[in-house]
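Before any comments, here is the structure.
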Amino acid sequence: MTTVHERVDTFHDNDQKPVGYGRMLRKEDPRFLRGRGRYVDDVQLPGMLHLAILRSPVAHARIVSIDTSAAEASPGVRAVVTGAMLAEQNLAWMPTLSNDVQAVLATDKVRFQGQEVAFVVADDRYAARDALELIDVEYDVLDPVIDARRALAPDAPLIRDDLDGKTNNHCFDWETGDEAATEAVFARADVVVSQDLVYPRVHPAPMETCGAVADYDAVEGKLRLWSTTQAPHAHRTLYAIVAGLPEHKIQVISPDIGGGFGNKVPIYPGYVCAIVASIVTGKPVKWMEDRSENLISTGFARDYIMRGEIAATRDGRILGIRTNVLADHGAFNGTAAPVKYPAGFFGVFTGSYDIEAAYCRMTAVYTNKAPGGVAYACSFRITEAVYLVERIVDCLADELGMDPAELRLKNFIQPEQFPYTTKTGWVYDSGNYEPTMRLAMEMAGYDELRREQAEKRARGELMGIGIAFFTEAVGAGPRKNMDILGLGMADGCELRVHPTGKAVVRLSVQSQGQGHETTFAQIVAEEIGIPPADIEVLHGDTDNTPFGLGTYGSRSTPVSGAAAALVARKVRDKARIIASGMLEVSVADLEWEKGAFHVAGDPGRSVTIQDIALRAHGAGDLPEGIEGGLEAQICYNPSNLTYPHGAYICVVDIDPGTAQVTVRRFIAVDDCGTRINPMIIEGQVHGGLTDGVGMALMEMIAFDEDGNCLGASLMDYLIPTSLEVPDWETGFTVTPSPHHPIGAKGVGESATVGSPPAIVNAVIDALKPFGVRHADMPLTPSRVWDAMRGQARPP
Ligand code: MCN
Ligand code: CUN
């Protein structure tokens, strides 16, 4: 495993430091490349049973009766459990992350197709699945509510009759900004443009589906749960609350995770069923969903129906932005977002522009669709916000007859305005937008592209150039105003340096493919000078890591990364005192040079961090008041979010005969502050851009009018492969975060946030000769064809 790190010294593109930041190959890759990753489904325990879930075939129905007798008699079956049985233990319902409740197994009604109705525990997976077919459920089918626009109609069927006093499908209202001030700027604007936009329901579709192995030991009274979770500590606390087990008797282990993309933030009924099954049978129980179960029942993303309005002066000064949103939350509000932000961080819909006023009003509704809402590299709804603002800015450019790059450059928040408080109250920590935009334009050869486009238009060819410029808010978040179910959004970190100078760093966040074992070793290495190869990163096991809220909203680097840097500094401070004893000089006379302290003015007299580690654990004397050992623990509470930004330019060609869109080029310039590992950042950006092509051109979880999910397999739910995407052209600028100890901002979701509007803007730009001003995602050939012929289909 260590051999790959030999390249660390030669793989730098940002500086010549011997250890620390740079293009280091991933420490986890030898394991993955040799097929030695260990995922939840690889967990095999003696006597383990298997659990399968019966799901509702219909979107909305009353359950009349359930007959499990045939299933119980089926070979290999150990238990069949229904909602009624869970209700006896008060376990039929569980809290969601958004102050709603969700059925673990349906008791009264089913509320979406694919909802959990009963489960079977059997000796193997096949016996369990076979027995599902023998469960006889009688449904009294009800009219479903599928279109969010009809959810509040007076005659709409009531979905959540389980909630006391509920008489309609209203979920919540939310507003932000200043309505009157916005009205005033709209009233005096020369130009007002408005556009309806739908961000369709999409799905994260990670390669590994969700699953768990629960192992309850009745003698120890301890529950061990291997599960596909992005937030093991937060999940543990919720299980403690729901199951009434003491927290120290629950160990949540998330081993290697095969992609999360937000899909593994919520707690799913399957996890709870596995726990119940293990407690009931006294055996370990594995539940692993299949692809269709994952697509129809687990956390979806988006499903926002938006109206964007923008007001400006005739010469292109943006004055105000206003939006009205209808949010479809499905049957239960299972959104994972800080509780004070029911619409996530959608509040950054004012984008990267210095405007006078903004206002947003949102209504959220229940429909007979799967619950969820925040998932798929969304930065807590920033994906929708960025799409909204970047599309309407393009609509404005079109209206004004102005170049979309020029319009953006004219309205950017200026570098000296940071920290910048937006009209919806967010404080952007730092930014320098124009150089990022100019770099993207230079890499693209923007003026040349426009010339090429003019020539092609003259020949009847369809070429489009689309721009998106985004600012994200990532790194949730300051405890004073962010929590999930009462848990403050801070992260712990522990660092132990062993006697021989090798170290272990324990994190509360959890990688699902982002390379934390590498980058967190690099952060610590940069601070204490121990090579990354000698620093082991441990995560994903609540018994062996400090408490913290986990990985989502690109918060690992902004929050946990800061914790790792600070804990290393704490260890270094102690090392300095020990070094002063070893060198017999005062602490003030020591100078730190990556990996060693030397006496100021006498570099020959020095001790390395490894020497100090040995002394800290050794037999010799330590300075007065200093305990032995070399380790520290901290909990980092960020003072603000970090605000990465980026400029994306997309070039598309459209076949006028088939309406097929080809993304010919894509230029992405990202600014995530200090860059820890540029290779990993590029990987994150490449993945996010590919996601963006999927959402813009291919992906949608659609339903028919009965509520049948039409995206239940990867034959129907199209996700892009390397064949549908171009060779990405990436660049970067560096504007460090002022409050983050190493100046780093998050980047994991940036490209998914920024790329869809760039692609849609490019397609609409290509369709200008047809007078098209907008068409909704996904821009499949049929939608582009309809747009060319002036008939927009309902989404
Ligand atoms: N990084 C860096 N320098 C920076 C910022 C980040 O080197 N200035 C590195 C980090 O150290 C980390 C990676 O880039 O190794 C991503 O860091 P960060 O932006 O902090 O995001 P998280 O680690 O918190 O990852 C979460 C983010 C989210 S929310 C989704 S969704 C998503 C994404 O990551 N899911 C992913 N990228 C994914 N990539 C993979 N392979 N699999 C997923 O499920
Ligand atoms: Cu919103 S998807 Mo990521 O935050 O896990």
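Numbering of ligands and ligand atoms starts at 1, following listing order.
- Given atom 3 (Mo) of ligand 2, the protein heavy atom at minimum distance is Glu749 OE2, 2.9 Å.
- Using cut-offs of 30° and 60° for the angle between ring planes, the His235 and Tyr239 rings count as perpendicular.
- For Cys378, no nitrogen or oxygen atom sits less than 3.5 Å from a nitrogen or oxygen atom of ligand 1, counting backbone and side chain alike.
- Ion pair Glu28/Arg31 not flagged as a salt bridge, since none of the NZ, NE, NH1 or NH2 atoms sits closer than 4.0 Å to an Asp/Glu carboxylate oxygen.
- Of the polar atoms of Thr551, none of the N or O atoms is found under 3.5 Å from an N or O of ligand 1, judged by distance alone.
- Residues Lys27 and Glu517 are not paired through a salt bridge, judged by the lack of any N-O separation under 4.0 Å between the basic side chain and the carboxylate.
- Thr519 OG1, 2.8 Å is the protein heavy atom nearest to atom 11 (O) of ligand 1.
- Heavy-atom separations between Gly262 and ligand 1 include at least one value shorter than 4.0 Å.
- Taking the centre and axis of the six-membered ring of Phe732, the NZ or CZ atom of Arg675 falls inside the cone set by 45° and 6.0 Å.
- Residue, atom and distance of the protein heavy atom nearest to atom 37 (N) of ligand 1 are Gln684 OE1, 2.6 Å.
- Considering backbone and side-chain N/O of Tyr376, none are found under 3.5 Å from N/O of ligand 1.
- For ligand 2, the atoms closer than 4.0 angstrom to any heavy atom of Phe261 are 2 (S), 5 (O).
- Shown in contact with Ala377 at under 4.0 Å from a heavy atom are these atoms of ligand 1, numbered in order with element: 31 (S).
- Residue Glu749 touches ligand 1 through its side chain alone, judged by heavy-atom distances below 4.0 Å.
- If you look at Tyr199 and Tyr304, their ring centroids are not closer than 6.0 Å.
- Salt-bridge formation is not detected for the pair Arg291/Glu208: no Lys NZ or Arg NE/NH1/NH2 atom is positioned less than 4.0 Å from an Asp or Glu carboxylate oxygen.
- With Thr674, Thr557, Ile676, Val747 as candidates, the residue nearest to atom 8 (N) of ligand 1 on a non-hydrogen basis is Thr674.
- Between Asp483 and Lys340 there is no salt bridge, since none of the side-chain N atoms of the basic residue sits less than 4.0 Å from a carboxylate O of the acidic one.
- Ligand 2 does not have Gly260 within reach: every non-hydrogen atom of the residue lies 4.0 Å or more from it.
- To the nearest 0.5 Å, the span separating SG on Cys635 from CG on Leu566 amounts to 11.0 Å.
- Ranking protein heavy atoms by distance to atom 5 (O) of ligand 2, first place goes to Gln230 NE2, 2.9 Å.
- The atoms of ligand 2 that sit less than 4.0 Å from any heavy atom of Val374 are 1 (Cu).
- Checked by atom type, the side-chain pair Thr436/Thr733 shows a donor-acceptor distance below 3.5 Å.
- The nearest heavy-atom contact from the protein to atom 7 (O) of ligand 1 is Asn677 N, 3.0 Å.
- Of all the atoms in ligand 2, the ones that sit under 4.0 Å from a non-hydrogen atom of Gly553 are 3 (Mo), 4 (O).
- Of the N and O atoms on the side chains of His645 and Ser352, not one donor lies less than 3.5 Å from an acceptor on the other residue.
- Partner of Ser737 under the side-chain hydrogen bond (donor to acceptor under 3.5 Å, both in side chains) criterion, out of Thr642, Asp429, Thr557, Asn640: Asp429 alone.
- When each of Tyr420, Tyr643, Phe469, Tyr428 is tested with Tyr433 by the rule ring pair (Phe, Tyr, Trp, His ring centres under 6.0 Å), just one qualifies, namely Phe469.
- Of all atoms in ligand 2, numbered sequentially from 1 with element shown, those under 4.0 Å from a heavy atom of Tyr376 are 2 (S).
- Inclusion of Gly262 in the set of residues having an N or O under 3.5 Å from an N or O of ligand 2 is warranted.
- Inclusion of Gly259 in the set of residues having an N or O under 3.5 Å from an N or O of ligand 1 is not warranted.
- For Tyr341 and Trp426, the ring centers sit closer than 6.0 Å to each other.
- Closest protein heavy atom to atom 15 (O) of ligand 1: Gln514 O, 2.6 Å.
- Given atom 21 (O) of ligand 1, the protein heavy atom at minimum distance is Ser554 CA, 3.6 Å.
- Ranking the protein heavy atoms by distance from atom 24 (O) of ligand 1 puts Ser556 OG, 2.7 Å first.
- Under the side-chain hydrogen bond (donor to acceptor under 3.5 Å, both in side chains) test applied with Glu289, the options Thr228, Asn294, Thr209 reduce to a single match, Asn294.
- Using a 4.0 Å cutoff on heavy atoms, Gly553 counts as a contact of ligand 1.
- The shortest N or O to N or O distance between Phe520 and ligand 1 is not below 3.5 Å.
- Residue Ile680 holds the heavy atom nearest to atom 9 (C) of ligand 1 of all those in Thr642, Val265, Val374, Ile680.
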Quiz item: Going through the checks in order, is the salt bridge (charged side-chain N to carboxylate O under 4.0 Å, His left out) test met by Arg555 and Asp491?
Solution: CA-CA 10 Å; Arg555 64 186 296 282; Asp491 277 282; 2.7 Å; yes
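- Contact atoms of ligand 2 toward Ala377: 2 (S) (distance under 4.0 Å to a heavy atom of the residue).
- Considering backbone and side-chain atoms together, Gly748 places an N or O closer than 3.5 Å to an N or O of ligand 1.
- Atoms of ligand 2 lying under 4.0 Å from any heavy atom of Cys378, numbered from 1 in the order shown and given with element: 1 (Cu), 2 (S).
- Taking the centre of each ring, Phe547 and His233 come in below the 6.0 Å mark.
- Of the protein's non-hydrogen atoms, Lys745 O, 3.1 Å is the one closest to atom 5 (C) of ligand 1.
- For atom 41 (N) of ligand 1, the nearest protein heavy atom (residue, atom name, distance) is Gly513 O, 3.2 Å.
- Residue contacts with ligand 1 for Pro558 involve side-chain atoms from C-beta outward but no N, CA, C or O (heavy atoms, distance under 4.0 Å).
- Annotation: side chain of Leu641 is in contact with side chain of Phe345 (closest heavy-atom distance under 4.5 Å).
- Salt-bridge formation is not detected for the pair Lys745/Asp671: no Lys NZ or Arg NE/NH1/NH2 atom is positioned less than 4.0 Å from an Asp or Glu carboxylate oxygen.
- Judged by the shortest distance from any of its heavy atoms, Gly687 lies outside the 4.0 Å radius around the atoms of ligand 1.
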